[in-house]
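Being a predicted model, the structure only gives us computed values, none of them experimental. Throughout, protein chains are lettered first and strands after them, A, B, ... in sequence-line order, and every chain is numbered starting at 1.
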Amino acid sequence: MTEKTVRTRIAPSPTGDPHVGTAYIALFNYVFAKKHGGQFLLRIEDTDQTRSRSDSELAIMESLNWLGLSWDEGPDKGGPYGPYRQSERQSIYKEQAEILLEKGEAYRCFCTPEILAADREAELKSGSRRTGYNRRCRNIDAQTSAKRAADGEPFTIRLKMAVDGDSVFTDRLRGEIRRPNEELDDQVLLKSDGFPTYHLANVVDDHLMKITHVIRAEEWIPSTPKHVRLYEAFGWEKPEFIHMPLLRNPDKNKSKISKRKNPVSLKFYKETGILPEALVNFLGLMGFSFGNDVEKFTVEQMIEVFSFDNVSLGGPVFDLEKLTWLNGLYIRDLGPEELLDRVMGLYLNREYFQKIVPLVHERMRYLSDFIDSAPFFYNGDLDYSAEGNLMVPKGRTQVEMASMFEEGAEKIDALESFSASLVEEIFRTISEQKEWKIKEIFMPVRIACLGRKASPPLFECIEVIGRERIRRRLRKAAEYVRTMKMPA
RNA sequence: GGUCCCGUCGUUCAACCGGUUAGGACAGCGGCCUUUCACGCCGUAAACACGGGUUCGAAUCCCGUCGGGAUCACCA
């Protein structure tokens, strides 16, 4: 009996900052593949034309490389089953969708978004518990369907799901998972713009790329029956499914990790001085137990001992404090030269200083003022205990200021690019909308972002510090302001 | 709300297929070390969600309740 080579993949969509969740899942895919002498691949899922960003793909690759989770095949490296960018595989999906059409496993749907929305609303009003598509196009006969398509009517292609009975699949960590088929609607496979949906692209690619184990986040469990159905419709062998628990926020409810409540961008961790080996170790602690109460280990060591038998399913809370402790352990392990290299690599280097020089230049009397006057360029979080009460100007309430900071963070988040003028515009707009004086906003923001009332031009500093840290400082400031005690 | 998943200290990970004073780590608290801080070391408090079964015996197996999460798109 010949065992197939293990092949796993991480398939992020380039729609924003590289996410810790991506790194988390990548780690387990990587470790599992290496454990079994297999390959780990990177595939970019950029089939959403409206949300994909080209710079995001690069950022994902940089972050994964930073963490040492390198792939054997990918868009930058190529490989025998490329291309590894879904936008470049469009014709493949179209071809496969047509095969399904011919086999009678799928059908064209001519419903417009408007019809769909109206149907959904009507269904909601009728109190029906069904939420999915009502299959009004499922029984259009092949001839009519072909004719309407030929006449240029826009359509999507939907998968024919079973109408009754149960769908069953096996999850490596949970065993059999069963879902009634009436829950499952006829999923769109090919969108009217000709791009595939995740469901089609992921199944087609996993098959063509010979993926043997689909290791992904738990949130995919509900749609796995659709994928299973797709494999069956194609007549393809299914991979093994392994759904990892979701990383959680440190809030009361332990909701799925989100940027509102926790820094989620890998860039943040890098910029804040977390060592990649510490982060990757920490991620390995989430849901996985090394054994013998060992908590500090390298990826190599993890590969040696790894088994899904040692993965637990309670959603692990991403606890920054414990990561910080682990990071300290790794820092202390570094030799002095190595430490120096790391520190200089991060901020104490010519490139970064060049951005700071023009901002502090005219304020300096001693050369030593360079560091002393602007420590906020090098910090992660700030200490508000000294100037914190300046974040609440006279006549404004703590709650008002906290929500202003949050609004700012939110808007900064939504910016396509990050610059001094764009951030300034955000806060000027907020001041206009709220009819607050400029200084009621700028001083609090200065304290929130820089931690002191005397500083070089606020927004230029913000630009240099960067989106990740600024966003976190604003949220931290909101938290601080909301709970602080004002002097009488 | 329907469906699915999950449920051990505040957090994280243990306790092999039933028999333990339920263990380690982070955070907390107390102390030692130290000019201070940090590191390090020692100690301390802290959990089997609840209710029924099965069993001589349940954190461990079964059922129910409760709680939490995820998901219900021409997003992934």
Base, sugar-phosphate, or nothing: which does [X] touch, judged by heavy atoms less than 4.0 Å apart?
{"X": "A:Cys109", "result": "nothing"}
{"X": "A:Pro154", "result": "nothing"}
{"X": "A:Thr47", "result": "sugar-phosphate"}
{"X": "A:Ser192", "result": "base"}

Exercise for the section: Look at the side chain of A:Thr197 against the base of B:C74 and say whether a donor-acceptor pair falls under 3.5 Å; ignore hydrogens and angles. Expected result: no
What does the list of N/O pairs under 3.5 Å between the protein and nucleotides 37-43 of chain B look like, with a distance for each?
residue, atom, partner, partner atom, Å
B:C39, O3', A:Arg332, NH1, 3.4

Using whole Å, report how far [atom1] of [X] lies from [atom2] of [N].
{"X": "A:Glu114", "N": "B:A73", "atom1": "CD", "atom2": "P", "answer": "17 Å"}
{"X": "A:Lys226", "N": "B:A73", "atom1": "NZ", "atom2": "P", "answer": "7 Å"}
{"X": "A:Lys296", "N": "B:A25", "atom1": "NZ", "atom2": "P", "answer": "15 Å"}
{"X": "A:Arg216", "N": "B:A76", "atom1": "CZ", "atom2": "P", "answer": "13 Å"}
{"X": "A:Met244", "N": "B:G69", "atom1": "CE", "atom2": "C1'", "answer": "16 Å"}
{"X": "A:Asn134", "N": "B:C72", "atom1": "CG", "atom2": "P", "answer": "18 Å"}
{"X": "A:Trp220", "N": "B:U71", "atom1": "CH2", "atom2": "C1'", "answer": "11 Å"}
{"X": "A:Gln86", "N": "B:A76", "atom1": "CD", "atom2": "C1'", "answer": "9 Å"}

[Y] versus [X], side-chain donor and acceptor atoms under 3.5 Å:
{"X": "A:His243", "Y": "A:Thr224", "answer": "yes"}
{"X": "A:Asn253", "Y": "A:Ser255", "answer": "no"}
{"X": "A:Gln398", "Y": "A:Arg482", "answer": "no"}
{"X": "A:Asp141", "Y": "A:Thr144", "answer": "yes"}

Exercise for the section: Nearest-nucleotide wise, let me know which of A:Arg248 and A:Glu45 is further upstream toward the 5' end of RNA chain B. Expected result: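 Final value for this comparison: A:Arg248.
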Exercise for the section: Validate the cation-pi geometry between A:Lys296 and A:Tyr330: distance from NZ or CZ to the six-membered ring centre under 6.0 Å, angle to the ring axis within 45°. Expected result: yes
Problem - Quiz item: cation-pi between A:Arg148 and A:Phe155, 6.0 Å / 45° - result: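 No, A:Arg148 does not lie over the aromatic ring of A:Phe155.
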Exercise for the section: Find out whether A:Pro75 and A:Leu42 are in side-chain contact, i.e. whether some heavy atom of one side chain is under 4.5 Å from a heavy atom of the other. Expected result: yes
Exercise for the section: Mind running ring pair (Phe, Tyr, Trp, His ring centres under 6.0 Å) on A:Phe28 and A:Tyr24 for me, showing each step along the way? Expected result: CA-CA 7 Å; A:Phe28 283 84; A:Tyr24 176 56; 5.2 Å; yes
When you compare [N] with [M], how far apart are their [atom1] atoms, in angstrom units rounded to a whole number?
{"N": "B:A45", "M": "B:G7", "atom1": "P", "result": "28 Å"}
{"N": "B:C37", "M": "B:C29", "atom1": "P", "result": "14 Å"}
{"N": "B:G67", "M": "B:C62", "atom1": "P", "result": "22 Å"}
{"N": "B:A47", "M": "B:U20", "atom1": "C1'", "result": "15 Å"}
{"N": "B:U8", "M": "B:A46", "atom1": "C1'", "result": "12 Å"}
{"N": "B:A22", "M": "B:C16", "atom1": "P", "result": "13 Å"}
{"N": "B:U11", "M": "B:G68", "atom1": "P", "result": "14 Å"}
{"N": "B:C61", "M": "B:C5", "atom1": "P", "result": "16 Å"}

Completion exercise
Looking only at B:C74, B:C75, B:A27, the nucleotide nearest the A:Asp48 side chain is B:C75
On the nucleotide [N], are OP1 or OP2 found under 4.0 Å from the side-chain N or O atoms that [X] carries?
{"X": "A:Lys191", "N": "B:A76", "value": "yes"}
{"X": "A:Arg51", "N": "B:A76", "value": "no"}
{"X": "A:Ser255", "N": "B:A70", "value": "no"}

All N/O pairs under 3.5 Å across the protein-nucleotides 5-16 of chain B interface:
residue, atom, partner, partner atom, Å
B:C5, O2', A:Arg174, NH1, 3.1
B:C5, O2', A:Glu218, OE2, 3.0
B:U12, OP1, A:Lys254, NZ, 3.4
B:U12, OP1, A:Gly315, O, 3.3
B:U12, OP1, A:Val317, N, 3.1
B:C13, OP1, A:Gly287, N, 2.7
B:C13, O2', A:Ser289, OG, 3.2
B:A14, O5', A:Ser289, OG, 3.4

Problem - Charged N-O contact under 4.0 Å between A:Arg108 and A:Glu98 - result: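 No, this pair does not count.
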Exercise for the section: Look only at the side chain of A:Asp372 and the backbone of A:Ser368, and say whether a donor-acceptor pair between them is shorter than 3.5 Å. Expected result: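 Looks like no, no N/O pair under 3.5 Å.
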Handout entry: Mutual orientation of the aromatic rings belonging to A:Tyr107 and A:Tyr133 [parallel < 30°, tilted 30-60°, perpendicular > 60°]
Key = parallel
Practice task
Take A:Tyr93 and A:Asp205 through the side chain to side chain donor-acceptor pair (under 3.5 Å) test and state the conclusion after the steps.
Solution key: CA-CA 9 Å; A:Tyr93 308 121; A:Asp205 286 346; 2.6 Å; yes
Problem - For RNA chain B, stems built from three or more consecutive Watson-Crick or G-U wobble pairs below 3.5 Å - result: B:1-7 with B:66-72, B:10-13 with B:23-26, B:28-32 with B:40-44, B:49-53 with B:61-65
Practice task
Would you check, one step at a time, whether the test side chain to side chain donor-acceptor pair (under 3.5 Å) holds for A:Tyr198 with A:Glu45?
Solution key: CA-CA 8 Å; A:Tyr198 169 83; A:Glu45 307 228 332; 5.2 Å; no
